[in-house]
Structure formats: C-alpha cells, structure tokens
Student: 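Below is a structure I'd like to ask you about.
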There are 2 protein chains.
Amino acid sequence: MGTHYRGSRHEINVLNAYIKLMRAANSITGRLAKGLKPTSLTMTQFSILETLYHLGPMNQRTLGAKVLKSSGNITLVVDNLEKSGLVKRVRSRSDRRFITVSLTKKGKETISEIFPDYLFLIVNEMEVIDDNELKTLENLCKILGLHKRENDKLILEKSY
Amino acid sequence: MGTHYRGSRHEINVLNAYIKLMRAANSITGRLAKGLKPTSLTMTQFSILETLYHLGPMNQRTLGAKVLKSSGNITLVVDNLEKSGLVKRVRSRSDRRFITVSLTKKGKETISEIFPDYLFLIVNEMEVIDDNELKTLENLCKILGLHKRENDKLILEKSY
DNA sequence: TTTAAGCTATTCTATATTAAACTATTAGCT
DNA sequence: AGCTAATAGTTTAATATAGAATAGCTTAAA
C-alpha cells in the first residue's frame, strides 16, 4: 500500500511515511466528521467553537491562526455560526479594526454537550496504540508540524 | 501548545497526540500546496494526476477511494482536469457504467515534470526526523489510518 | 423475461477554501 | 499634523467537498 515510485532508499522511506501520515490524518478526520454529522456542524465550525470554548474569546485573525485557516474563510464560517446563533461578534472600542468573537449562551451549551462525545470518538480512534506510542507520535508530529526553518532556529537556540 | 481540556491522564495524552498529528498533517499540506501554486494545480488535481501516473488508468470510483474523496467531487475535479487537457475519459464497452480515466500525453508530461520537485519538497519537510523515526511514524500512522474495526479484524486474523 | 437490487457516474445544494483585491483603521515617522 | 506602513476584516472568483437525489446500466432472482 506504499508508494509505487522508484527512487533512492531514503526517498522511498520519506514517501511511505508521508503517505501514511496523510492517510491517517485524512481517514481519521473523515470518520470524525461523520460522527459530527448528527450535530449539523461542519469540522471547521466545530473547531472554532471548541477553540473559543477552551481558550476563550479572541479576534478573527488569532482564530484563523489557531485553526490554520485563511482570514476570508474565518469571516465566512463565523458568519454561518453567527446566523445559527452560536457565536457573537463585538468590535473593539480601543482598536476598531479588531473584532472579538465569543460564544453565545447557546454556543456554550452546544459545544459543552458535543465535546465529550467527540472526545470519546477520538479516544476510540487512538485506542489502537498505547500511551508510549502516543507520546512518540506526539513528539515526531510536533517536530514535523513546525516549518523546517523554525526547527533550524530551535536547534540554533538550543546550541547556545 | 497542547490541549487546554482537563480530563483523565489518558484522555489528555490522546488529545495531545491527536492535535499534533492533525497539525503536522495540515501544516505540511499547507506548505506543499504553496509549493504547488506555480503549477496552477490544486492539491486534489495533483493527487489524481499522481495516482494515475504511478498506478495507471482507473475508473472514478477507484480513484475516489485512492484519494479519499467523494464520487461527486471526483466528477468535478476530473471535469476540470479534462478541460485543461491533462486527463481523458473513456466509457467502458463491456460495462457502460464505468468510465476509465487516464492521463493524456500532456498530462503525463506535466506530472512527470512536477513530481520530482514535489518529492523534493516532501523530503525537505521530513528531513527533520531520521530514517528510524520515519519508520516508526509510518508504522504508527499505518495502524491509525485503518478503522478500529479493521484493526480488530487484523488482530483477530493474527491470533490464528 | 421482467422485476428488484445494486452499482457508477452526474447533478444539485450548501458550505468550505484560498488568493487577491479592497475598505477601514491604526501606528510610526518626519 | 500629515503621510506612509501595516494590520484586521470583507468581498469576490474559482475550485473543492460532502451528501442526497437522480439516471443509466448490470446482475440476479422470481
């Protein structure tokens, strides 16, 4: 099920790891999205509610950075969440460029009800590997998630 | 940078690993997509070309299963690739429900030119972990990518 | 052989997604 | 103060995405 590409040993190792990483992330996401379906929330809507729930109100730019989406996208998704009455927008007085997004009462109730079920699904997905392996995975993914240049910077900083 | 959720030790381990896994996959995908931009191919278009290039012609259903996309989506993306002259569709004579998608000459040239560059980007992304770690990552992700039920089945099969 | 069931692909609807162009606002510099 | 940079958010255009409904085709059963 790995790559069919013929290249150097190292290239093939890289491609196989890359393919498995992407496939794991995509297939888990797909299955979790199905679990979210009864709530009629999309994955991104859920991410935003969850972020606001656990980190508190924040502006759209920060929200976009947290969930790795473009600012235009955040505008749209927050629009839809606002229409559903789950979040509200408040423009900052001190700096009128900023808009603080926060959960409404209904939004809080919704996410606090859904989150435990969602967590259960995640635990269920990850149950096939043990706690040590979870930690190994976490560490490898942490390194990969940072941009190479950022990693180089980290290494540089460490060397002092 | 991990979860702010307060739960059992195991739940927190799971959530942290899950978050890092998703963030690694998403941020790598984002950076690779940027690398693809000069080609004016989208990620899914590239995936489809690459799949046809390395695995040969196949019908849309199979293609969808390979790249983990819905059949309706495949129809659209193949439409766009067809408009660009990169793939062609041929309806099967023996079973007229099937449509075989294959690369055109232009499609083959395009993907064979792009793929090495893309591979270079992937190698560059993964360069921050060594070959042993790549293998570890591959194995863990392989297990996670399968549905739990499929894993159970594998374990059952192994026990014979 | 006709019907039922199942499969493939398309269409349609609603939402997501990014990049780029644009507006409004603020901060910094002279 | 006034000009310039930069920043936050919105809009637009093109593509992606899932899911449900639909149409056409095939196979198996009655």
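Numbered from 1 within each chain, the chains take letters A, B, ... in sequence-line order. What you see is a predicted model; the values in this text were computed from it and never measured.
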Student: If the condition is side chain to side chain donor-acceptor pair (under 3.5 Å), which residues does E50(A) pass it with, not counting sequence neighbours?
Tutor: H54(A)
Student: Under 3.5 Å, is there a donor-acceptor pair linking the side chains of N139(A) and T136(A)?
Tutor: no
Student: Which pairs count as ring pair (Phe, Tyr, Trp, His ring centres under 6.0 Å) when at least one residue sits in residues 68-98 of chain A, sequence neighbours excluded?
Tutor: none
Student: Flag the pair F46(B) / T39(B) as yes when at least one side-chain heavy-atom distance between them is below 4.5 Å, and no otherwise.
Tutor: no
Student: Can you give me the first and the last nucleotide of DNA chain D (5' to 3') that has an atom within less than 4.0 angstrom of a non-hydrogen atom in chain B?
Tutor: dT15(D) to dT26(D)
Student: Checking K105(B) now: which residues fulfil side chain to side chain donor-acceptor pair (under 3.5 Å) with it, not counting sequence neighbours?
Tutor: E109(B)
Student: Let me know, please, whether A33(A) or S71(A) comes out on the 5' side of the other along DNA chain D by nearest nucleotide.
Tutor: S71(A)
Student: Going by side chain to side chain donor-acceptor pair (under 3.5 Å), name the residues that satisfy it together with R96(B), two or more places apart in sequence or in a different chain.
Tutor: none
Student: Does any donor atom in the side chain of S92(A) or D95(A) lie under 3.5 Å from an acceptor atom in the other side chain?
Tutor: no
Student: For DNA chain C, which residues of residues 91-101 of chain A approach it to below 4.0 angstrom with any heavy atom?
Tutor: S94(A), D95(A), R96(A), R97(A)
Student: What pairs of nitrogen or oxygen atoms, one from the protein and one from nucleotides 15-17 of chain C, lie under 3.5 Å apart?
Tutor:
residue : atom : partner : partner atom : Å
dA16(C) : OP1  : T42(A)  : OG1          : 2.6
dA16(C) : OP1  : Q45(A)  : NE2          : 3.2
dA16(C) : OP2  : N80(A)  : ND2          : 2.7
dT17(C) : OP1  : T44(A)  : OG1          : 3.2
dT17(C) : OP1  : K69(A)  : NZ           : 2.8
dT17(C) : OP2  : T44(A)  : OG1          : 2.4
dT17(C) : OP2  : N73(A)  : ND2          : 3.1
dT17(C) : O5'  : N73(A)  : ND2          : 3.2

Student: Among pairs that include at least one residue of residues 79-90 of chain A, which meet salt bridge (Lys or Arg N to Asp or Glu O under 4.0 Å), considering only residues two or more places apart or in two chains?
Tutor: D79(A)-R89(A), E82(A)-R89(A)
Student: For D130(A), give me all partners under salt bridge (charged side-chain N to carboxylate O under 4.0 Å, His left out), at least two apart in sequence or on another chain.
Tutor: none
Student: According to a 4.5 Å side-chain heavy-atom criterion applied to Ile, Leu, Val, Met, Phe, Trp and Tyr, with indirect links allowed, do L68(B) and I74(B) form part of one hydrophobic cluster?
Tutor: no
Student: By salt bridge (charged side-chain N to carboxylate O under 4.0 Å, His left out), which residues pair with K135(B), not counting sequence neighbours?
Tutor: E138(B)
Student: Could you tell me which residues satisfy side chain to side chain donor-acceptor pair (under 3.5 Å) with N73(B), sequence neighbours excluded, listed by chain and number?
Tutor: none
Student: Quick one: bend of the helix from dT1(C)-dA30(D) to dT25(C)-dA6(D) from 5 pairs per end, to 10°?
Tutor: 10°
Student: According to a hydrophobic-cluster definition based on side-chain heavy atoms being under 4.5 Å apart (Ile, Leu, Val, Met, Phe, Trp, Tyr only), do Y53(A) and L55(A) belong together?
Tutor: yes
Student: Taking O4'-C1'-N9-C4 for purines and O4'-C1'-N1-C2 for pyrimidines, is dA14(D) syn (within 90° of 0) or anti?
Tutor: anti
Student: What's the CG-C1' distance between L63(B) and dA9(C), to the nearest Å?
Tutor: 13 Å
